[in-house]
Amino acid sequence: MTEKKKPQVMIADDEAHCRLLMKAILTSMKCDVVCEASNGEETVELFKQHKPHLLLLDINMPLKNGDEILKDIFRDFPNAFVVMLTSVTDMGTVERCLDLGAANYIRKDTPLEEIKTILKDTWQAFAKSKAGTGATAV
Amino acid sequence: MRGSSSTNLIDLITGYLQAKHQETGRSSVLITALLECWASEKDYELKNQLLNSLVLKYASSIRNLMELNQLKNKFLGIAAHDLRSPLSSVRGFSEILLSEAVGPLTAEQKEYITVIHNVSRNMLALVNDLLDISVIESGKLELHPERLSLTAFLKERFRFYDIAAQEQKITLHGDLEDVPAQWFDPNKIGQVIDNLISNAVKYSAPGTNIYLTLSREDECSIVSVRDEGPGIPSEYQGRIFGEFQRWGKPRGEKSFGLGLAIAKRIIDAHHGRICVKSEPGTGSVFSFTLPPGYENDRKEETTGDDRG
């Protein structure tokens with residue numbers, strides 16, 4: 001996150017107020033929210049189109065669930081940087097998403113400052129782990 | 001009743017046969033006794049039928065109540081879940097506005113948004129408690145244990161507790177013994193300690209002290225939170241870890257009285273014990289133990305998490 005160019009982020013959540021809140025948080029972190037999706041199919045389509053540095057992905061989405069979306073995305077972009085959003089931490093689903101390649105998860109009721117810290121830490125850890133592998137994340 | 005009438009009947013028949021019809025009146029006595037016996041048998045049979053039907057009705061009532069309870073838990077879970085997401089947003093947006101990151105606020109605007117922020121934060125805490133208890137009640141409390149040092153864990157959280165205490169002008173003291181690493185679910189145990197500390201803060205007057213201690217006894221780690229609040233009357237102590245139990249009025253804060261019930265279920269799931277010692281006027285001590293035995297059992301248990 002030290003690059004001059006703003007990191008590009010995509011937010012996928014079926015609830016508009018959740019997308020708006022995450023957008024406000026990311027904007028305050030000097031990120032550029034390049035696109036938003038409100039269902040699973042739209043998420044896969046827009047991700048392929050915009051190739052954002054980070055995808056914030058709600059676990060429960062209409063048309064396609066979080067784990068199905070992850071499978072679709074990682075098939076074409078094995079180095080994608082995805083952080084799951086969840087309102088109810090059904091740990092079984094979260095673990096499945098982490099196993100599929102998601103970098104971390106955030107509970108939606110987490111205080112804002114903590115969300116920022118989790119995102120920063122996860123981003124740094126991800127960038128470090130992917131250093132030199134041609135990852136899409138900054 | 002049945003036994004004695006049968007014995008009487010046997011005596012009568014024996015007597016009748018021995019008398020060999022020589023005495024008059026014996027046959028009518030025998031018939032009366034036989035009728036009595038028959039009536040008694042019939043009565044017994046009817047009572048038995050009644051008992052059977054009552055047992056069946058009772059079993060069916062229990063089944064219905066259990067189904068209704070499950071339905072209630074499901075409803076609580078769905079309602080709490082659906083409320084939590086919008087409440088998180090209300091709290092989040094009010095926090096952003098209050099930080100004035102999107103523009104300056106007048107004093108009046110700030111005051112109103114502070115109310116929105118505080119109310120939504122409290123509602124979110126209530127909803128989270130409801131969701132937790134519905135998950136626990138449905139038997140879905142699952143742990144995600146990690147091998148960690150409880151000392152380091154508590155030291156890290158102490159900073160946050162200290163800030164919360166200072167806001168209420170309460171001094172938090174820590175006496176944390178070095179204990180070896182052990183298996184526990186950090187999210188769940190953190191939730192228990194958060195609850196004990198926040199209760200202590202709620203019930204403490206400004207200028208008083210709260211003591212957080214970690215010690216070790218018989219290979220068990222013991223975490224205690226002691227306050228100098230009003231204490232808990234003995235009549236409440238027995239049911240304080242039950243659901244929807246409250247005592248006193250801590251600074252008008254809303255609560256369902258579920259926090260300690262949740263804490264107890266979490267500690268039970270870790271095979272530990274939680275207890276309270278208190279005398280009105282001298283404060284309260286809430287303690288829980290985390291036994292090392294959990295380490296041996298954990299591999300056999302299904303693990304998971306339901307942080308609601």
Side-chain angles (χ1 to χ4, degrees), chain A residues 11-31 33 36 38-39 56-62 65-67 83-99 102 104-119 121, chain B residues 74 76-103 117 120-132 134-135 138 140-146 157 160 163-164 185 187-188 190-191 194 302-308:
Chain A
I11 303 168
D13 196 310
D14 58 328
E15 290 180 284
H17 61 88
C18 291
R19 292 199 302 272
L20 189 59
L21 182 63
M22 292 313 298
K23 192 175 178 178
I25 295 170
L26 288 160
T27 308
S28 78
M29 292 174 74
K30 310 264 183 285
C31 292
V33 178
E36 296 176 30
S38 59
N39 67 56
L56 283 184
L57 175 61
D58 184 23
I59 283 186
N60 291 311
M61 295 267 277
N65 249 332
D67 47 356
V83 173
M84 307 307 294
L85 294 173
T86 170
S87 48
V88 167
T89 309
D90 167 8
M91 211 50 191
T93 316
V94 170
E95 278 186 348
R96 212 161 46 243
C97 291
L98 295 178
D99 286 345
N104 206 346
Y105 72 95
I106 295 173
R107 248 175 73 153
K108 288 184 196 171
D109 65 331
T110 308
L112 301 195
E113 285 308 312
E114 216 176 302
I115 291 182
K116 288 182 191 176
T117 309
I118 294 171
L119 280 174
D121 291 351
Chain B
K74 201 174 169 185
L76 272 184
I78 292 170
H81 173 222
D82 287 352
L83 285 172
R84 185 156 76 168
S85 183
L87 274 173
S88 301
S89 290
V90 172
R91 186 198 59 180
F93 284 122
S94 59
E95 199 175 321
I96 291 173
L97 289 173
L98 276 179
S99 71
E100 300 189 317
V102 287
H117 182 252
S120 57
R121 189 188 55 199
N122 290 342
M123 281 176 73
L124 199 55
L126 292 174
V127 162
N128 278 341
D129 275 359
L130 276 182
L131 202 52
D132 279 341
S134 76
V135 165
S138 321
K140 288 182 194 160
L141 174 68
E142 292 171 340
L143 301 177
H144 257 246
E146 291 175 34
R157 295 183 92 90
F160 300 107
I163 294 167
D185 181 328
N187 289 319
K188 300 285 183 223
Q191 194 180 342
D194 287 356
T302 312
T303 56
D305 187 10
D306 250 293
R307 284 194 300 164

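Since this is a predicted model, take the numbers as computed values, not measurements.
B:S89 is not listed as a side-chain neighbour of A:K108, based on a closest heavy-atom distance of 4.5 Å or more.
Annotation: the span from A:L112 atom CG to B:S94 atom OG amounts to 8.5 Å, rounded to 0.5 Å. If you take CZ on A:R107 and CG on B:N187, they are separated by 8.0 Å, rounding to the nearest 0.5 Å. Atom OG of residue B:S85 and atom CG of residue A:D58 lie 8.0 Å apart, to the nearest 0.5 angstrom. Rounding to the nearest 0.5 angstrom, the gap separating the CG atom in A:L20 from the CD1 atom in B:I96 is 8.0 Å.
By the 6.0 Å contact criterion, NZ on A:K116 is enclosed, its count of non-hydrogen atoms from other residues, nucleotides or ligands being greater than 12.
In this structure, chain B has no heavy atom under 4.5 Å from any part of A:I115. For A:T110, the part lying under 4.5 angstrom from a heavy atom of chain B is the backbone only. If you measure heavy-atom distances from B:R91 to chain A, the contacts under 4.5 Å come from the side chain alone.
The two residues B:E95 and A:E113 have their closest heavy-atom pair at OE2-N, 4.5 Å.
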